[in-house]
Amino acid sequence: MHSQFFVAAFGAALLLTGAAPVYGQAFADRKSALVDYSKADSEPRKACEDLAKFKAKEIAQIKAVPIPAGGAAPAYCDVTGLLSPEIAFEVSLPAKWNGRFYMIGNGGHAGEALDDAGRLAQRNQALQLGFAFAQTNTGHDARKEPGGTFVLSNPQKAIDYAWRAVHLTAVTAKAITKEYYGRAVSKAYWNSCSNGGRQGLLEAQRFPEDFDGIVANAPWVDQTGFTIGAMWNQKALSAAPVTPAKLAMVADRVMAKCDAIDGLKDGLIDDPRKCNFDPRHDAPACSAGSDGPDCLTPAQAEAIEKVYSGPMSNGKPIFPGYMPGSEAVVQGLFGGGTGSGWLNVIVGTQPGAVPADFNLAENTMRYLVFTPPKADYDYRTFDFDRDIHLLDAWSKQADAKNPDLSKFRKRGGKLLMTYGWADSILQPMAGVNYYEQASAKNGPETKDFFRLFMVPGMEHCGGGIGPDRHDPMTAMIDWVEKEQAPASMIASRVVENKVVRTRPLCAYPQVARYSGQGSIDNASNYRCVAP
């Protein structure tokens, strides 16, 4: 049974706005997942209902209900409740336990319903494999308090969202698990994407004892830097709107120029940093006074270049832009269509439409950056030379930029980060830059506990035009429990339920190179080498 934990661009846009959960890739091939770890034989030492009496300082409400086996889930004990003031949590405890703890995170500004279908799928898969499973909404219900508006009812919810709720839930859930089975969790794992990746990094940075292994997929490393970048893009593209047809033309030009830079023409840009695409010179220019679907006006070319380059302040770059190739035309967009990965994410498709990235940034500015909130804040008043430090206070709460992982490393923790080079939701270089900063801070042995895997052609958390489906969780468990550090992972591209291409994902900075023999769609014909 293949995992469904991947998303196309529109789905990812919904993830960012908090309208749907983040689907972190996990156990991509159920048949091979955890072959060596499948023994789940620990049984409960007390009745499920007795957990309703469990006491802890932060627990405001708790109930426990035994759930019989049915559908996709085995029998389990479902423990739900509230941690003060309004942090909803769930701990799901299988009748046969493998001794491990598994927790997932949240998308965008969080607040997802814990019984959302996507979250239930992740829970059920974890239970099938014998994990104790936990999740939280981070302290608010997005159906009632959308975006960042949750701070209006209680300012404490900002801190709960930023970092407190995940930590409290992890500590409480592990204590409940120990109470139920009569022994402590042997190993604890985190796996999530986007904002959930940010949450995972913060756990390693702030609470190194919470998890033994953390998989942070496409982490929102720098929430405030992203916010500045999204306002930068919105200002540029509002001044010079770009149509879907023009984006498709630009995508074709990018691929034509950069596909073969790695020595193989295969429809993938292996490392877009080597793609020196300039829309002002490498795309057709509209003749003076004209504006057609197959050309760019000078203003449109400049706007697209600003998206690639990222925001500037006082003449200096302050945050990465998006990579050439992220504007690629992808299948399965918006529930079945086709279009650029930038559509409805960076670029609005209708006059007045708010792209997902900007919607998220505007909510962050209005409700989380300003204290008290400024619900009517107009981003057009933001001065990129003068105002970037307005976000400093929120950065200290929400950003996962601290490269010092010495405490996590000392206690034996392992961190695995993935990022799609074609991500159009979050900037891939934010992940690369963080890894390189952490490597500089933690020394040459950083690879012994922290590894990064870049995925050519992959969009946000999954999807895109490249092999995107992979299994970082089994790789992580092998690393934690067998001391087998992952040198590579196999990724598959699946079209209509058929694997059409496989490639190795190499531990950064290594890259996959074709041997020169055999199918270019077979991972066995590649090896990981220094770039």
(message) Is the distance from the ring center of Tyr308 to that of Tyr322 below 6.0 Å?
(response) no
Taken in chain and number order and not counting sequence neighbours, the residues that satisfy side-chain hydrogen bond (donor to acceptor under 3.5 Å, both in side chains) with Thr364 are His109
Distance col, row Lys257:NZ vs His281:NE2, nearest 0.5 angstrom, shows 9.5 Å
Handout entry: Side-chain donor-acceptor pair present, Gln199, Ser192, cut-off under 3.5 Å
Key = no
- Just checking, is any N or O donor in the side chain of Glu112 or Asn106 under 3.5 Å from an acceptor N or O on the other one? yes
Looking at side-chain heavy atoms only, is the closest gap between Val495 and Arg501 below 4.5 Å?
no
- State yes or no: are the ring centers of Trp421 and Tyr508 separated by less than 6.0 Å? no
Donor-acceptor side-chain pairing of Thr224 and Thr227 below 3.5 angstrom: no
Query raised in the report: Going through the checks in order, is the side chain to side chain contact (heavy atoms under 4.5 Å, CB included) test met by Phe384 and Asn314?
Result: CA-CA 8 Å; Phe384 292 91; Asn314 295 304; over 6 Å; no
Under a plain distance cut-off of 3.5 Å, with no hydrogens placed, do Trp190 and Glu203 share a side-chain donor-acceptor pair? no
inquiry  = If you apply the rule salt bridge (Lys or Arg N to Asp or Glu O under 4.0 Å), what do you find for Arg253 with Asp278, and how did you get there?
reply    = CA-CA 10 Å; Arg253 294 288 173 149; Asp278 186 338; over 6 Å; no
Regarding Lys374 and the six-membered ring of Phe370, is the cationic atom NZ or CZ under 6.0 Å from the ring centre and inside 45° of its axis?
yes
Residue set satisfying side-chain hydrogen bond (donor to acceptor under 3.5 Å, both in side chains) with Ser515, at least two apart, ordered chain then number -> none
Check your understanding: Below 4.5 Å, heavy atoms only, C-beta onward: do Ile425 and Asp357 meet side chain to side chain?
Key -> yes
Is the shortest heavy-atom distance from the side chain of Met489 to the side chain of Thr418 under 4.5 Å? yes
Does the pair Asp270 and Arg513 meet the rule for a salt bridge (Lys or Arg N to Asp or Glu O under 4.0 Å), with working shown?
CA-CA 9 Å; Asp270 177 73; Arg513 286 290 179 263; 3.2 Å; yes
Could you check whether Thr138 and Asp160, counting side-chain N and O atoms only, form a donor-acceptor pair closer than 3.5 Å? no
For this session: May I ask you to check whether Tyr419 and Phe453 place their ring centres under 6.0 Å from each other?
Result: no
Just checking, any donor-acceptor pair under 3.5 angstrom between side chains of Ser492 and His470?
-> no
**Report entry** SB check Asp291 Lys246 (cutoff 4.0 Å)
**Finding:** yes
Going by distance alone, is a donor N or O of one side chain under 3.5 Å from an acceptor N or O of the other, for Ser424 and Glu327?
no
Worksheet item: Given Asp116 and Arg119, is the salt bridge (Lys or Arg N to Asp or Glu O under 4.0 Å) satisfied, shown in steps?
Response: CA-CA 5 Å; Asp116 172 273; Arg119 302 184 77 82; over 6 Å; no
Is any NZ, NE, NH1 or NH2 atom of the basic residue among Lys265 and Asp259 found under 4.0 Å from an Asp or Glu carboxylate oxygen of the other?
-> no
Checklist entry - So, Asn195 and Arg198: side-chain donor and acceptor under 3.5 Å apart, yes or no? => result yes
Output for pair (Asn433 CG, Lys401 NZ), nearest 0.5 Å, gives 11.5 Å
Exercise for review: Report yes or no: do Thr474 and Asp471 form a side-chain donor-acceptor pair below 3.5 Å?
Suggested key: yes
Does the separation of the ring centres of Phe319 and Phe226 fall below 6.0 angstrom?
no
